[in-house]
Amino acid sequence: MNVLEIHQLNKRFREHQVIDGLELTVPEHAVFGFIGQNGAGKTTTMKMVLGLLKPDSGSITICGESVRYGETKSNRHVGYLPDVPEYYGYMNAREYLALCGEITGLPKKRIQERSGELLELVGLGSTKKRISGFSRGMKQRLGIAQALLHEPRLLICDEPTSALDPVGRKEILDVLYAAKGKTTVLLSTHILTDVERICDHVAILHGGKLALNGTLSELKEGHRQDGYALEFRSAEEAARFAECMKSNRFAATVAQEGTAIKVQLQLSGTLGGGQSIIGLLAHQQLTPVRFEALEPTLENLFMEVIQ
Ligand SMILES: Nc1ncnc2c1ncn2[C@@H]1O[C@H](COP(=O)(O)OP(=O)(O)OP(=O)(O)O)[C@@H](O)[C@H]1O
């Protein structure tokens with residue numbers, strides 16, 4: 001089942017077509033990375049999903065229910081975490097969750113149970129401090145607890161780690177990954193390493209459309225290039241190998257940097273590829289200290305798409 005479906009979505013600001021026939025589906029229990037350059041239209045898309053911005057045309061459904069601009073009905077399925085959440089600093093975490101629960105009409109007992117569970121989930125279970133004394137990372141983790149209070153089917157996070165240091169970022173990513181069993185996470189970001197750490201699905205927004213869309217492993221498999229990295233004991237050995245490799249008919253490019261060599265082969269996915277390198281090594285009686293098939297990174301894929 002898809003928690004979110006977007007079909008033929010269009011949005012223009014004056015002459016600028018920001019979203020141009022966007023098609024996007026988010027399956028249940030995915031951790032879905034929605035990435036794009038600055039100004040690609042991620043926030044614009046999120047605002048339309050939340051019913052806060054009127055699309056020019058197209059449809060959006062959340063859990064099978066149509067999103068209508070200016071109505072909040074479909075948002076009962078959604079939890080939202082902005083990049084920098086705002087709080088009443090004089091409250092502690094539990095008091096704040098109690099206030100949010102009351103506003104959304106949750107019964108008192110349920111608020112207490114949920115607050116306990118969620119504060120444990122986000123690692124704030126034993127914190128008695130007022131929110132004014134929280135670090136940015138703690139505020140963000142409280143934001144996740146608040147967004148999950150009403151048990152939403154979809155948690156939308158808009159660049160939740162952009163203001164955090166590496167430790168705070170890791171904590172948030174761990175919490176989002178832990179939330180995967182309870183909800184579907186839509187993570188809008190341009191921090192590609194965050195996506196590689198926790199997302200199973202990835203979509204790249206470019207030119208108002210999805211330029212790439214699939215599971216991370218599918219995308220990497222589809223863009224696999226027959227590339228290898230080798231490391232030799234000495235620069236002389238590396239140079240000898242590079243010289244022989246350059247005359248090999250499978251080699252497209254051979255780059256040497258000291259003892260390290262990167263080889264890109266002509267024929268992608270053929271048996272001849274890596275084996276031709278091993279054959280050459282044996283023939284030259286060279287034993288590398290490292291021999292590794294190169295995986296495309298999300299950064300490689302992203303750069304390929306936006307160029
Ligand atoms: N209300 C508006 N009026 C005019 N232009 C707008 C409006 N809102 C957004 N835009 C433009 O639409 C484009 C997409 O903006 P958006 O904020 O959706 O991008 P984004 O992918 O979220 O970028 P970032 O990663 O920088 O937050 C930008 O060029 C922006 O200037």
Side-chain angles (χ1 to χ4, degrees), residues 4-26 30-60 62 67-72 74-75 78-86 136-137 139-140 143-144 147 154-166 168-169 172-173 176 184-199 201-214 216 219 297-307:
L4 173 64
E5 289 200 14
I6 295 180
H7 295 295
Q8 284 308 308
L9 191 68
N10 289 289
K11 181 68 192 176
R12 169 192 289 266
F13 293 113
R14 297 185 188 207
E15 69 289 347
H16 185 184
Q17 188 77 40
V18 176
I19 300 299
D20 186 9
L22 178 67
E23 293 281 330
L24 173 75
T25 53
V26 177
V31 182
F32 194 102
F34 187 46
I35 57 188
Q37 289 168 286
N38 286 331
K42 302 179 295 294
T43 303
T44 302
T45 307
M46 298 300 154
K47 283 183 180 168
M48 291 192 279
V49 168
L50 292 165
L52 301 173
L53 184 70
K54 195 173 188 323
D56 296 335
S57 58
S59 71
I60 304 172
I62 300 175
V67 174
R68 297 195 196 291
Y69 166 66
E71 283 184 20
T72 54
S74 51
N75 283 351
V78 183
Y80 178 68
L81 177 69
D83 51 355
V84 184
E86 295 290 336
R136 278 183 171 178
K139 285 183 181 166
Q140 211 68 328
I144 297 176
L154 176 64
L155 174 64
I156 295 181
C157 305
D158 195 0
E159 305 195 9
T161 59
S162 56
L164 302 181
D165 65 18
R169 252 177 55 208
I172 294 301
L173 295 175
L176 290 179
T184 302
V185 179
L186 177 59
L187 171 65
S188 159
T189 186
H190 43 70
I191 304 177
L192 302 179
T193 48
D194 286 1
V195 173
E196 278 195 305
R197 267 202 214 167
I198 64 160
C199 294
H201 282 67
V202 179
I204 299 180
L205 183 66
H206 185 64
K209 298 180 170 60
L210 292 191
L212 266 189
N213 183 20
L216 201 48
L219 296 182
T297 63
L298 187 54
E299 187 176 343
N300 299 146
L301 297 179
F302 185 74
M303 295 311 285
E304 201 176 297
V305 160
I306 63 164
Q307 268 160 15

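We count ligands from 1, going down the list as the structure has it; atoms in each ligand are counted the same way. Everything numeric here is computed off the predicted structure, so don't read it as measured data. FYI, side chains are in, hydrogens and waters are out, and symmetry mates aren't considered; it's all heavy atoms of this structure.
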I'd like to check L176 versus L155 (side-chain heavy atoms, cut-off strictly below 4.5 Å). Are they in contact?
yes
Between L164 and G137, which heavy-atom pair has the shortest distance, and what is it?
CD2-N, 3.6 Å
Of the non-hydrogen atoms in Q140 and P160, which two are nearest, and what is the gap between them?
NE2-O, 2.6 Å
Near ligand 1, which protein residues have a heavy atom under 4.0 Å away?
F13, H16, V18, Q37, N38, G39, A40, G41, K42, T43, T44, E159, H190
Side chain to side chain donor-acceptor pair (under 3.5 Å) between N75 and T72, intermediate numbers included:
CA-CA 5 Å; N75 283 351; T72 54; 5.8 Å; no
Side-chain donor-acceptor distances from residues 45-58 under 3.5 Å, at least two apart:
unit_1, atom_1, unit_2, atom_2, d
T45, OG1, G41, O, 2.7
D56, OD2, R12, N, 2.7
S57, OG, N10, ND2, 3.1

D194 bridged to R169 by N-O distance under 4.0 Å:
yes
